[in-house]
Each structure stands twice: as C-alpha cells, then as structure tokens.
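Okay, structure first, notes after.
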2 protein chains.
Amino acid sequence: MPAKKALLSDDALQLVARRFAVLGEPMRLRLLRALIEGEKSVGALAAETEGTQANVSRHLQTLAEAGLVGRRKEGLQVFYSIADPSIFDLCELVCGSLNQQTRARARIFA
Amino acid sequence: MPAKKALLSDDALQLVARRFAVLGEPMRLRLLRALIEGEKSVGALAAETEGTQANVSRHLQTLAEAGLVGRRKEGLQVFYSIADPSIFDLCELVCGSLNQQTRARARIFA
DNA sequence: CAAGTAAATGCGTATATGCTCAAATAATAA
DNA sequence: TTATTATTTGAGCATATACGCATTTACTTG
C-alpha cells in the first residue's frame, strides 16, 4: 500500500492533538528521555528527574494511557518502559525543524 | 553528517515540549489542515473551521510565534500559510503510531 | 474627513492541568 | 499480625489557556 496522504477527519485530528498534548509537557519528555536507557521504577525515575514521587507517578500514568509507555509490576516496584519507539522519530523531527529555524534566524544577522 | 542520536539537553527539551504543546490543540491542527490547500485569510479560516474570528486570530498568532505558519498582510486581510512542512511528517508519524496501536488492540479480541 | 471592513487585542470566565501534601493500596518481610 | 516500603490516589491550590464579547487598530474607499 502506497503512502496515503488523505486529510485527517475531525475525529482523527482529535486523537492526534491528544498525543501531541501528552508530549507537550517537559516533565513527561524528561521521563521518556530517562527511559531510553531501559525500563526503570517510579522511584528511580523520580530521583533521576528530581520530581516528587506522586507527580512522576501521575505523569507516567498519562503516558501509559496514551500507550507511550508500558507498565510492569514486580513486587513492590512498578517498572515503566518505552512502548512506542515512534516517539524518538517525533523528537528527532522536531529537533531538526527547530534547528533549521534557528539557523534561518541566524542567517538574518549574518 | 550522519544522524546524531545525542540526548536532548533540558533546554532543548523545553523547546521540543513547547512545539508539541502548540500542536496539541485540535483547533490549531484544524487550521493547519485547512492551510494545506494554500495560504488563506483569517476570515476564510474562521469560516472554514467554524471558529470565531477572534479565536482563530489568536491561534494563528500562536502558530506564527512557533514558526509553524507565516504571515502576509495584503490590504485589509492577513494571509497565513504553512511555514514548516515538517508538521505533516509529524502528523503522519503520529497517525501511523495510532493506527498501529489500534490494530494491536484489535488483535487482542481477534 | 467619515464610513466600512478585516484583523488584533483587552478583559472576564470557564476549564484543564500541573503540583503538593496527606492518606490509601499493595506487596513484602519480621 | 504488624511493620515497612513502593506506588497510587484524593483533595486542594495555583496557573495556564481556550473561548466569547466588546473594543481598538489598520487599512481602504467614498
């Protein structure tokens, strides 16, 4: 099947917006960044991101509901891990775009 | 230069989050979708998206500040247009991911 | 100049969401 | 059972922002 370029329906658009919104919080991106190294417990993530345990737990729940991370319970701990690798492609695209914008802006003063 | 896979700094991450947040509003995605066909005036966009003129104007300003759309004034009208085509790659990626999630979910009941 | 039109903006309101603290769950160990 | 530890969740607060209404600004035309 060739790449479809059909316009998004309003319903699809709503879902896409939701995903972007989930990725639109710095703390959640920090959590995803920390999870690149592999699955980690809530406590470890809280320590690494310097967030409170409660807040980190809530953000992880948001990410899990969006299907971006997976949850695995082991004893007292809960381990989260990246469930959707497309996240990184997304971030790469955005970074590339931001970089290009910055270069373009720089050229104005060159 | 080969693709760099370096982790994002906290500062970069903040910018990335901001871009995602800008794309995280359904109305703004609707505006971008409408702009695929080419540049349009605020009034035309308000009519097409069924939003008020004031609200559409504000969202367009947000998109412009993020560098996603360009602004061109002509007489009484202001025409906006897509300035960053990477938006569509982003949406495609998200759609693909959402599709895959849906399929995976469907398989559970199959 | 005044009138008319398109867009932007000030302001108030409603809602969403991020955050903290404290309490409740859940699982393990003594 | 009781105590301990990791996580989740309830409640409240603060802030951000989407929206509508009314007004202002910018531009064109008579």
Side-chain angles (χ1 to χ4, degrees), chain A residues 10 13-35 38-83, chain B residues 10 13-35 38-83:
Chain A
D10 279 9
L13 196 141
Q14 202 85 15
L15 292 174
V16 173
R18 176 59 191 162
R19 164 141 313 184
F20 280 133
V22 168
L23 293 172
E25 283 302 309
M27 176 57 94
R28 286 197 281 270
L29 288 187
R30 286 223 293 276
L31 290 169
L32 291 172
R33 182 181 59 183
L35 286 174
E39 71 169 10
K40 292 178 182 171
S41 70
V42 177
L45 288 167
E48 184 170 344
T49 61
E50 298 177 40
T52 66
Q53 179 263 5
N55 198 32
V56 165
S57 173
R58 279 215 165 76
H59 280 304
L60 288 169
Q61 188 176 351
T62 300
L63 289 168
E65 278 168 4
L68 297 177
V69 301
R71 223 184 91 107
R72 184 177 67 84
K73 197 163 188 176
E74 181 182 316
L76 278 178
Q77 292 175 304
V78 176
F79 291 91
Y80 285 88
S81 57
I82 304 277
Chain B
D10 279 9
L13 196 140
Q14 203 84 14
L15 292 174
V16 173
R18 175 59 190 161
R19 164 140 316 183
F20 280 133
V22 168
L23 293 172
E25 282 304 308
M27 177 55 98
R28 285 197 281 269
L29 288 188
R30 285 224 292 277
L31 290 169
L32 291 172
R33 182 182 57 182
L35 287 173
E39 72 170 9
K40 293 179 182 172
S41 70
V42 176
L45 288 167
E48 185 170 344
T49 62
E50 298 177 41
T52 65
Q53 179 267 343
N55 198 33
V56 165
S57 173
R58 280 212 165 78
H59 280 303
L60 288 169
Q61 188 176 349
T62 301
L63 289 168
E65 278 167 4
L68 297 177
V69 301
R71 224 184 88 107
R72 184 177 67 84
K73 198 163 188 175
E74 181 182 316
L76 278 178
Q77 292 174 305
V78 175
F79 291 91
Y80 286 88
S81 57
I82 305 277

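Naming convention: chains lettered A, B, ... in sequence-line order (proteins, then strands); numbering from 1 in each chain.
Among the heavy atoms of the strands lying under 4.0 Å from B:Tyr80 are primed sugar atoms or P, OP1, OP2 only; no base atom is included. Using a 4.0 Å heavy-atom cutoff across all strands shown, B:Arg72 reaches no nucleic acid atom at all. The residue B:Gln53 sits close to a base: some heavy atom pair falls under 4.0 Å. Contact annotation for B:Thr52: backbone-only contact, meaning every heavy-atom pair under 4.0 Å involves sugar-phosphate atoms and none involves a base.
For B:Ala54, the listed nucleotide lying nearest its side chain is D:dA22; candidates were D:dT9, C:dA7, D:dA22. With distances taken from any side-chain atom of A:Val78 to the nucleotides D:dC19, D:dT7, D:dG10, the minimum falls on D:dT7. Closest to the side chain of A:Lys73, from the set D:dT7, C:dA26, D:dT17, is C:dA26. In the set D:dT8, D:dC19, D:dA6, the nucleotide with an atom closest to the side chain of A:Val42 is D:dT8. Between C:dG18, C:dA7, D:dT8, one nucleotide has an atom nearer to the side chain of A:Glu25 than all others, and that is C:dG18. The A:Arg58 side chain lies nearest to C:dT20 when the options are C:dC19, D:dC19, C:dT20.
The separation between A:Leu76 atom CG and D:dA6 atom C1' is 5 Å, rounded to whole Å. For A:Phe20 and D:dT17, the CZ to P distance is 18 Å, given to the nearest whole Å. Spacing between atom CD of A:Gln14 and atom C1' of C:dA16 amounts to 14 Å, rounded to whole angstrom units. The distance between atom CE of A:Met27 and atom P of D:dA16, rounded to the nearest whole Å, is 17 Å. One atom, CZ of B:Phe79, and another, P of D:dC27, lie 15 Å apart when rounded to the nearest Å. To the nearest angstrom, C1' of C:dA6 lies 15 Å from CD of B:Gln61. Taking atom CD on A:Glu50 and atom P on C:dG18, their separation rounds to 19 Å, with Å as the unit. D:dT4 atom C1' lies 14 Å from atom CD of A:Gln77, rounded to whole Å.
A side chain to side chain contact (heavy atoms under 4.5 Å, CB included) with A:Leu60 is found for one member of A:Asn55, A:Val78, A:Leu45 and no other, namely A:Leu45.
A:Leu29 contributes atom CG, which lies 6.0 Å from atom CG of A:Leu23 (distance to the nearest 0.5 angstrom).
Between A:Thr62 and A:Glu74, the residue anchored closer to the 5' end of DNA chain C is A:Thr62, taking for each the nucleotide with the nearest heavy atom.
The phosphate of D:dT17 has neither OP1 nor OP2 within less than 4.0 Å of any side-chain N or O from B:His59. In terms of phosphate contacts, A:Arg28 brings no side-chain nitrogen or oxygen within less than 4.0 Å of OP1 or OP2 of C:dT17. Close to C:dG18, at under 4.0 Å from its OP1 or OP2, lies no side-chain N or O of A:Asn55. A close approach under 4.0 Å does occur between a side-chain nitrogen or oxygen of A:Ser57 and OP1 or OP2 of D:dT8.
A donor-acceptor pair is defined here as one N or O able to donate and one able to accept, closer than 3.5 Å; no such pair exists between the side chain of A:Arg72 and the backbone of A:Tyr80. One N or O on the side chain of A:Arg28 and one on the backbone of A:Val22 form a donor-acceptor pair closer than 3.5 Å. Judged by distance alone, with hydrogens and angles left aside, the side-chain atoms of B:Lys40 form no donor-acceptor pair with the main-chain N or O of B:Phe79 at under 3.5 Å.
Between the side chain of A:Arg71 and the base of D:dT7 there is no donor-acceptor pair of N/O atoms closer than 3.5 Å.
A heavy-atom distance below 4.5 Å is found between the side chains of A:Leu32 and A:Ile82.
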